[in-house]
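To start, the structure under review is shown below, and the notes come after it.
In this text, all values refer to a predicted model and were calculated from it rather than measured experimentally.
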Amino acid sequence: QVQLVESGGGSVQAGGSLRLSCVASGYAAMSYAMGWFRQVSGKEREGVASIHTSTGTTDYTDSVKGRFTISQDKSKNTVYLQMSSLKPEDTGMYYCASSLYDDGGTWDDENEYQYWGQGTQVTVSS
């Protein structure tokens, strides 16, 4: 059974840090790429970061560059999102996603990902 389980969300003041974790099992553990997306109520889900599981190549949306770091621990089938210097606009539900193959789309296209976690809430207060 394919499963992605996120954890690590919570409430933090602006300037603080959080580390999100995503544990993959089943086919999700054999992914081509893993991504983190976030969604604010009433808005479309946006790509935050991704990592190519074989090469370790990473991509970030501009608003988080220099503040967020995506990484992986293959031995634990886990992907992390280290978030620092958090801002109120980082608030949202954060989802982990798994892409099993390269379909030629961009890393932040949610249609490129076949499996999704249930999400973990991040709230940043000013």
Side-chain angles (χ1 to χ4, degrees):
Q1 183 178 356
V2 174
Q3 192 173 22
L4 297 172
V5 180
E6 303 103 329
S7 62
S11 297
V12 65
Q13 289 191 329
S17 299
L18 285 172
R19 188 178 80 158
L20 306 183
S21 299
C22 172
V23 180
S25 60
Y27 285 110
M30 301 168 60
S31 63
Y32 161 78
M34 298 290 291
W36 284 99
F37 288 72
R38 66 186 177 192
Q39 186 170 29
V40 177
S41 180
K43 295 187 178 181
E44 292 186 356
R45 190 156 49 186
E46 66 166 342
V48 176
S50 76
I51 185 166
H52 186 291
T53 56
S54 295
T55 66
T57 302
T58 59
D59 288 285
Y60 299 92
T61 192
D62 287 343
S63 64
V64 308
K65 286 180 180 177
R67 299 189 299 121
F68 290 11
T69 301
I70 187 171
S71 61
Q72 61 180 346
D73 184 336
K74 292 183 179 181
S75 68
K76 297 180 180 179
N77 290 331
T78 300
V79 174
Y80 304 98
L81 185 67
Q82 178 67 49
M83 306 185 294
S84 302
S85 301
L86 282 162
K87 303 176 181 180
E89 51 263 43
D90 294 318
T91 294
M93 184 69 78
Y94 282 69
Y95 297 91
C96 175
S98 171
S99 175
L100 298 186
Y101 49 84
D102 181 5
D103 200 23
T106 59
W107 70 269
D108 56 348
D109 181 354
E110 60 180 277
N111 294 314
E112 294 296 305
Y113 297 83
Q114 295 78 41
Y115 299 102
W116 294 81
Q118 81 288 350
T120 185
Q121 178 67 35
V122 172
T123 302
V124 184
S125 59
S126 57

Could you go through Ser99 and Gln114, starting from their C-alpha distance and side-chain angles, then the distance that decides it, and tell me whether this counts as side chain to side chain contact (heavy atoms under 4.5 Å, CB included)? CA-CA 6 Å; Ser99 175; Gln114 295 78 41; 4.2 Å; yes
Distance-minimising heavy-atom pair for [X] and [Y]:
| X | Y | value |
| --- | --- | --- |
| Gln121 | Gly92 | NE2-O, 3.4 Å |
| Ala24 | Leu4 | CB-CD2, 3.5 Å |
| Glu6 | Tyr95 | OE2-CA, 3.3 Å |
| Ala33 | Tyr113 | O-CE2, 4.3 Å |
| Pro88 | Ser125 | CG-C, 4.5 Å |

Keeping [X] on the side-chain end and [Y] on the backbone end, is there a donor-acceptor pair under 3.5 Å?
| X | Y | result |
| --- | --- | --- |
| Lys74 | Thr53 | yes |
| Thr120 | Ser7 | no |
| Glu112 | Trp107 | no |
| Arg67 | Ser85 | yes |
| Ser75 | Asp73 | no |
| Glu46 | Gln39 | no |

In one Ile/Leu/Val/Met/Phe/Trp/Tyr side-chain cluster, 4.5 Å: Trp116, Val48: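 Trp116 and Val48: separate clusters.
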same_hphob_cluster(Val64, Leu20) at 4.5 Å side-chain heavy-atom cutoff: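 Cluster IDs for Val64 and Leu20 match.
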Rounded to the nearest 0.5 Å, what separates atom [atom1] in [X] from atom [atom2] in [Y]?
| X | Y | atom1 | atom2 | value |
| --- | --- | --- | --- | --- |
| Phe37 | Leu81 | CZ | CG | 12.0 Å |
| Gln72 | Ser54 | CD | OG | 8.0 Å |
| Ser50 | Tyr32 | OG | OH | 8.5 Å |
| Arg19 | Ser84 | CZ | OG | 11.5 Å |
| Ile70 | Thr57 | CD1 | OG1 | 11.5 Å |
| Ser31 | Ile51 | OG | CD1 | 9.5 Å |

With side chain to side chain contact (heavy atoms under 4.5 Å, CB included) as the test, would you mind laying out the steps for Leu18 and Leu86 before giving the verdict? CA-CA 8 Å; Leu18 285 172; Leu86 282 162; 4.2 Å; yes
Under a 3.5 Å threshold, yes or no: a donor from one side chain and an acceptor from the other, between Tyr94 and Arg38?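 Yes, because at least one side-chain N or O of Tyr94 sits under 3.5 Å from a partner of the opposite role on Arg38.
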Does the separation of the ring centres of Trp36 and Phe68 fall below 6.0 angstrom?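 Distance test on ring centres: not under 6.0 Å, no.
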Test side chain to side chain contact (heavy atoms under 4.5 Å, CB included) on Val12 and Met83; report intermediate values, then the result. CA-CA 11 Å; Val12 65; Met83 306 185 294; over 6 Å; no
Test Met34 against Cys96 for side chain to side chain contact (heavy atoms under 4.5 Å, CB included), laying out the working first. CA-CA 7 Å; Met34 298 290 291; Cys96 175; 3.6 Å; yes
SB check Asp90 Lys87 (cutoff 4.0 Å):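 No salt bridge links Asp90 with Lys87.
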